[in-house]
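Chain letters run A, B, ... following the sequence lines, proteins first and then strands; every chain starts at 1.
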Amino acid sequence: MSNQVPLQEGLFTWPSSQPQLLGSRCSQCAEAAFPAQPDCRSCGSRDTQIIELGDRGILWTWTIQTFMPKEPYLSDETPETFRPYGVGYVEMPGGVRVEARLQANSPEQLKIGMPMQLDIVPFRTDENGEQKMTFSFSAAEKA
Amino acid sequence: MDVAIIGIGLHRFGRSPDMSGMQQGASAVRAALADAGLSWADMQFAYGGSQDAGNADALVNELGLTGLQFTNIWNGCATGGSSLHAAYSAIKSGEYDLGVVVGFDKHPRGAFNPQPKEWGLDDWYGETGLMLTTQFFALKTQRYMHDHGITEDALIRVSEKAFANGSLTPTAWRQQALSYDEIANSAMISDPLRKYMFCSPAEGGAALIICNADKAHQYCSNPLFLKAAAVRTRHYGSFEVFAPSQAMKVADAPTVTASKAAFELAGIGPEDVDVMQLQDTDSGTEIMHMAENGFCKHGEQEKLLREGATGINGSMPINTDGGCLANGEPVGASGLRQVYEVCVQLRGEGGARQVPNNPRVGYTHVYGAPGISGVNIITR
């Protein structure tokens, strides 16, 4: 099996048996952000801390990306193998709505307000054979 | 001091394969100068911009090296609005009496492909396919429909009206009216938005000759007056394009604040506007912008569209030339095309698409990445 590495450090805790999205919270006004920001966009404070935003949330809005984006999109796909993907904003218990790819890719599978869970999934394999992992959401399994 | 618009020029939007974007900008300037009966050498200043077609001040190579002050403006989709605002301020300040505003562009086919770094974002955001304007407008429209009871019927009617208006506009790129069913059955691009509900990147140029209103009658018998020009950016809490996350708290969109500022400057309200241009990147945004600009309440659009209120003969004619949907979007020129069309309507020169009853007050609104809005109010 190929080596798996995060597409970008600092977006989620991984590897982990229960990965969490990472963000930041302002020590002054308590607003949260994703990805983690050194400066607070709400009050301008420079005093922010990295926090876990959670691994479950509620779907706030969604769409389906039906055509393969031009660069800077960088996947292993070709126009022939491109598979449409869902995109949504998920309301996280950490207090912020996070934009993410969704595993579901047909309208019948998606509904505003549905519970979602975080998955860390392979996105592409780079020239060294390393699998780049990214964050994604799917319909939450019943707890 | 008031600011007058005494000349308007357009280089037809769409595709001009034999011309560079810059040449299309020069073509628009020449048309605006001819309309005003002035020459390039009369211009004391210029503001202009484009996204993909080069530095606007290189237009002097086409138009003449007269030594005028020429400032390049690049402000995303509000480039035209920002150029006009700069010219408005230059006249208001008393520094200049007469100048030109120009926007032009020439984009390759297909959706825009912005680079994350240029917008203060990390590469992964673009690499994983989250940084598309089409996607954002679909996401915002989807939520708006959910919150305000808007149905697909409204989305279809916006496009139907846009292409009907385009068919009456000799300078429009898309001049073929589309039926309700053709739009309703077109391919789904980004749910809930279909193929014929999106505008396309395009080419074109637009220019305006701006003048101190006290001197306008020296040049022109029918000046129009730019009563307000306002540009605003996003607040913390507004839902904007290119946002890896959004706050839970809700703030007014930049369109709301730009619109309020413009109405305040002009000393009038939305009920006084006779003809308007609202940014219609897609049919969902036109619907949202109707309310964000104060022309109706959120949710009322469904009924207004069903009743034809936004058509040329309706109570609130929107995008009489077919808007971005029928003209495409050359980013640098698009905001000035809106002003051009409102001027045509206020002069009563709209021909087959002329709004009846001698419209007196026009309104233009541009919106775009990364959450910026520009509003102008123009009167006779």
Side-chain angles (χ1 to χ4, degrees), chain A residues 6-11 21 23-24 29 31-35 37 40-44 53 60-75 77 82 84-92 94-101 105-107 110-113 123-124 132 134-136, chain B residues 108-147 187-195 198 201 234-251 284:
Chain A
L7 182 67
Q8 165 103 8
E9 289 295 337
L11 296 179
L21 266 189
S24 57
C29 73
E31 284 293 304
F34 173 84
Q37 304 289 324
C40 175
R41 289 176 182 176
S42 175
C43 72
L53 294 171
W60 191 75
T61 186
W62 61 271
T63 189
I64 310 284
Q65 179 63 37
T66 62
F67 63 90
M68 184 166 156
K70 297 181 194 169
E71 63 83 30
Y73 187 62
L74 186 60
S75 72
E77 298 157 299
F82 173 76
Y85 55 90
V87 178
Y89 278 88
V90 179
E91 262 185 28
M92 300 303 291
V96 66
R97 299 185 183 116
V98 173
E99 186 181 7
R101 289 173 68 108
N105 70 354
S106 76
L110 295 166
K111 193 168 171 26
I112 287 173
F123 178 63
R124 72 161 191 270
K132 301 281 192 185
T134 194
F135 63 100
S136 174
Chain B
R109 285 166 203 277
F112 291 117
N113 57 332
Q115 302 297 316
K117 285 273 185 284
E118 292 178 14
W119 302 88
L121 297 163
D122 289 326
D123 287 340
W124 65 266
Y125 187 59
E127 288 179 9
T128 56
L130 298 175
M131 194 176 177
L132 284 92
T133 49
T134 45
Q135 222 174 56
F136 162 75
F137 290 120
L139 289 163
K140 188 171 178 186
T141 299
Q142 184 88 268
R143 181 71 201 189
Y144 192 86
M145 292 169 77
H146 173 268
D147 285 348
M188 187 61 85
I189 300 294
S190 231
D191 210 291
L193 299 172
R194 296 176 182 275
K195 179 181 173 186
F198 276 112
R234 63 202 184 280
H235 299 269
Y236 183 75
S238 63
F239 180 15
E240 303 302 333
V241 65
F242 304 157
S245 70
Q246 308 169 48
M248 303 284 277
K249 52 167 83 164
V250 177

Please classify the contact between [X] and chain A as side chain, backbone, both or neither, with a heavy-atom cut-off of under 4.5 Å.
X         : value
Met131(B) : neither
Thr134(B) : side chain
Leu130(B) : both

- Task: Show your working on side chain to side chain contact (heavy atoms under 4.5 Å, CB included) between Thr134(A) and Glu127(B) and close with a plain yes or no.
- Result: CA-CA 11 Å; Thr134(A) 194; Glu127(B) 288 179 9; over 6 Å; no
Out of curiosity, [X] [atom1] to [Y] [atom2], how far, rounded to the nearest 0.5 Å?
X         : Y         : atom1 : atom2 : result
Thr63(A)  : Arg143(B) : OG1   : CZ    : 14.5 Å
Ile189(B) : Gln65(A)  : CD1   : CD    : 9.0 Å
Thr66(A)  : Leu193(B) : OG1   : CG    : 10.5 Å
Thr128(B) : Leu74(A)  : OG1   : CG    : 10.0 Å

- Query: Is it the backbone or the side chain of Leu110(A) that comes under 4.5 Å from a heavy atom of chain B, or both, or neither?
  - Reply: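 Leu110(A) has no heavy atom closer than 4.5 Å to chain B.
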Taking every non-hydrogen atom, the tightest pair across [X] and [Y]:
X         : Y         : result
Gln8(A)   : Asp122(B) : NE2-OD2, 3.9 Å
Gln142(B) : Ile112(A) : O-CD1, 4.0 Å
Ala247(B) : Glu31(A)  : CB-OE1, 4.0 Å

- Residues that Arg194(B) engages under salt bridge (Lys or Arg N to Asp or Glu O under 4.0 Å), provided they are two or more places apart: Glu152(B)
- Apply the test ring-ring contact (aromatic ring centres under 6.0 Å, His included) to residues Trp124(B) and Phe123(A): give CA-CA distance (whole Å), side-chain angles for both, the deciding distance (0.1 Å), then the verdict. CA-CA 11 Å; Trp124(B) 65 266; Phe123(A) 178 63; over 10 Å; no
